[in-house]
2 protein chains.
Amino acid sequence: MICAEAIVSRLREQGERLTIQRRAVIETLCASGDHLTVQDLQTQLAAQGTALTETTVYRIVQWLKDRGAVAQTDLGQSGVVYQVIDRTLHHHLVCLRCGRVVDVEDCVMDALRERLRREYAFEPRIDHMAIFGLCRDCRAGHD
Amino acid sequence: MICAEAIVSRLREQGERLTIQRRAVIETLCASGDHLTVQDLQTQLAAQGTALTETTVYRIVQWLKDRGAVAQTDLGQSGVVYQVIDRTLHHHLVCLRCGRVVDVEDCVMDALRERLRREYAFEPRIDHMAIFGLCRDCRAGHD
DNA sequence: CTACATGCAAATCCTTTGCATCCAC
DNA sequence: GTGGATGCAAAGGATTTGCATGTAG
């Protein structure tokens, strides 16, 4: 888990304006450690006494994303989620059947990255990618 | 390019009901060869004299997807696209800067598939995946 | 004939925008 | 003080749903 303070001070050094709403979003994302949808964020914030409008949550996660503090991942059917960018970058295995999301370490992407660079001169930004398929449990009871 | 007839007869053998609307969507997807959005489909169908409602197009591509005849790919900012599933499976490199979409052959995914199966007991369905990053041209003129 | 697909309209969900007000610096 | 952020309401786009009608088998 990442310290919200670290993110806050980095942003302040960059001359960003830090409102209580922005601090609250950063703290919630850090405290959770998990990936959260905009709705998740709004609910958790409201529960702890900081009621933000959806609009504001959208604006703040966009702002954090633009400044490289959070990553955005589209989990397809499971919606769009946000998480603080930590050194232990990872990806997501999303089960098409049960919807379970399992994290996988980043290095599984290294071979693919290398190949796309070499063969296609393409510089991939493979951050928190979602890979769909069948999880351990669901593949057992199916085709 | 895949013959629409092949898809139609396979579906008929499975006891599916083949309306003129369904045939038209299959034919348009096959004729195009490219990936099409629901809007693209509707426009092209209307142009050739088969006006379908958006609702119907949505229902038909969903139906085709459920029966394994087409793949659905979320290209992020560029929308959700559909294409017939052919033997020459491929994926998409989407440039974050210029939006260009380049196809890449399926085998670049083999190593990743193998690893997810072996290390995570996860059976990936990596069909027409979208990988974001910077294309050859845009990476040159940037960081 | 009959079950199922379509068309139409309206609802829903997610996200963005315009504008007045508010607050961090 | 002032520029930029927030709240509110409303717009926007993509997708889904309910129901009457049409049609493939």
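Within every chain, numbering begins at 1; the chains are lettered A, B, ... in the order of the sequence lines, protein sequences first and strands thereafter.
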**Student:** Between Ser9(A) (side chain only) and Glu5(A) (backbone N and O only), is there a donor and an acceptor less than 3.5 Å apart?
**Tutor:** yes

**Student:** Between Arg17(A) and dG3(D), is there a side-chain N or O to OP1/OP2 distance below 4.0 Å?
**Tutor:** no

**Student:** Please find out if less than 6.0 Å separates the ring center of His128(A) from that of His92(A).
**Tutor:** yes

**Student:** Taking atom types as modelled and ignoring hydrogens, do the side chains of His91(B) and Asp106(B) form a donor-acceptor contact shorter than 3.5 angstrom?
**Tutor:** yes

**Student:** Reckon Val80(A) touches a base, only the sugar-phosphate, or nothing at all at heavy-atom distances under 4.0 Å?
**Tutor:** sugar-phosphate

**Student:** Could you tell me the separation between the CD atom of Gln14(B) and the C1' atom of dG25(D), rounded to a whole number of Å?
**Tutor:** 17 Å

**Student:** Between atom CG in Leu11(B) and atom C1' in dA5(C), what is the gap in whole Å?
**Tutor:** 15 Å

**Student:** Quick one: does Thr73(B)'s side chain have a donor or acceptor within less than 3.5 Å of a partner on Leu75(B)'s backbone?
**Tutor:** no

**Student:** For the side-chain contact (heavy atoms from CB on, under 4.5 Å) test, which of Met129(A), His90(A), Glu114(A) pairs with Met109(A)?
**Tutor:** Met129(A)

**Student:** Just the rounded figure in Å: distance from C1' of dG13(D) to CD of Glu54(B).
**Tutor:** 9 Å

**Student:** Between P on dC8(D) and CG on Leu52(A), what's the gap in Å once rounded to a whole number?
**Tutor:** 11 Å

**Student:** Decide whether Asp40(A) and Thr43(A) meet the rule of one side-chain donor and one side-chain acceptor closer than 3.5 Å.
**Tutor:** no

**Student:** Using five pairs at each end of the helix from dC1(C)-dG25(D) to dC25(C)-dG1(D) to define an axis, what is the angle between those two axes, to 10°?
**Tutor:** 40°

**Student:** Run the numbers on Ile26(A) and Ile60(A) for side-chain contact (heavy atoms from CB on, under 4.5 Å), then give the verdict.
**Tutor:** CA-CA 9 Å; Ile26(A) 293 168; Ile60(A) 292 177; 5.9 Å; no

**Student:** Under 4.0 Å from any atom of DNA chain C, heavy atoms only: list the residues of residues 55-68 of chain A that qualify, in numerical order.
**Tutor:** Thr55(A), Tyr58(A), Arg59(A)

**Student:** Return the nearest nucleotide to the side chain of Thr19(A); candidates are dG7(D), dA24(C), dT6(C).
**Tutor:** dA24(C)

**Student:** Write down the distance between CG (Leu45(A)) and C1' (dG7(D)), rounded to a whole number of angstrom.
**Tutor:** 15 Å

**Student:** Grab the CG-P distance between Asp74(B) and dC14(C) for me, whole Å please.
**Tutor:** 15 Å

**Student:** Using modelled atom types only, decide if a donor and an acceptor are shared between the side chain of Arg23(A) and the backbone of Val8(A) within a distance under 3.5 Å.
**Tutor:** no

**Student:** Round to the nearest Å and state the distance from Arg23(B) atom CZ to dA5(C) atom P.
**Tutor:** 14 Å

**Student:** Using only side-chain N and O atoms of Gln21(B), determine if any of them is under 4.0 Å from OP1 or OP2 of dA5(C).
**Tutor:** no

**Student:** How many Å lie between CD on Gln72(A) and P on dC14(C), as a whole number?
**Tutor:** 14 Å

**Student:** Tell me which of Gln39(B) and Ile20(B) sits closer to the 5' end of DNA chain D, going by the nucleotide each one is nearest to.
**Tutor:** Gln39(B)

**Student:** Applying the side-chain contact (heavy atoms from CB on, under 4.5 Å) test to Leu41(B), which of Val81(B), Leu52(B), Thr28(B) qualifies?
**Tutor:** Thr28(B)

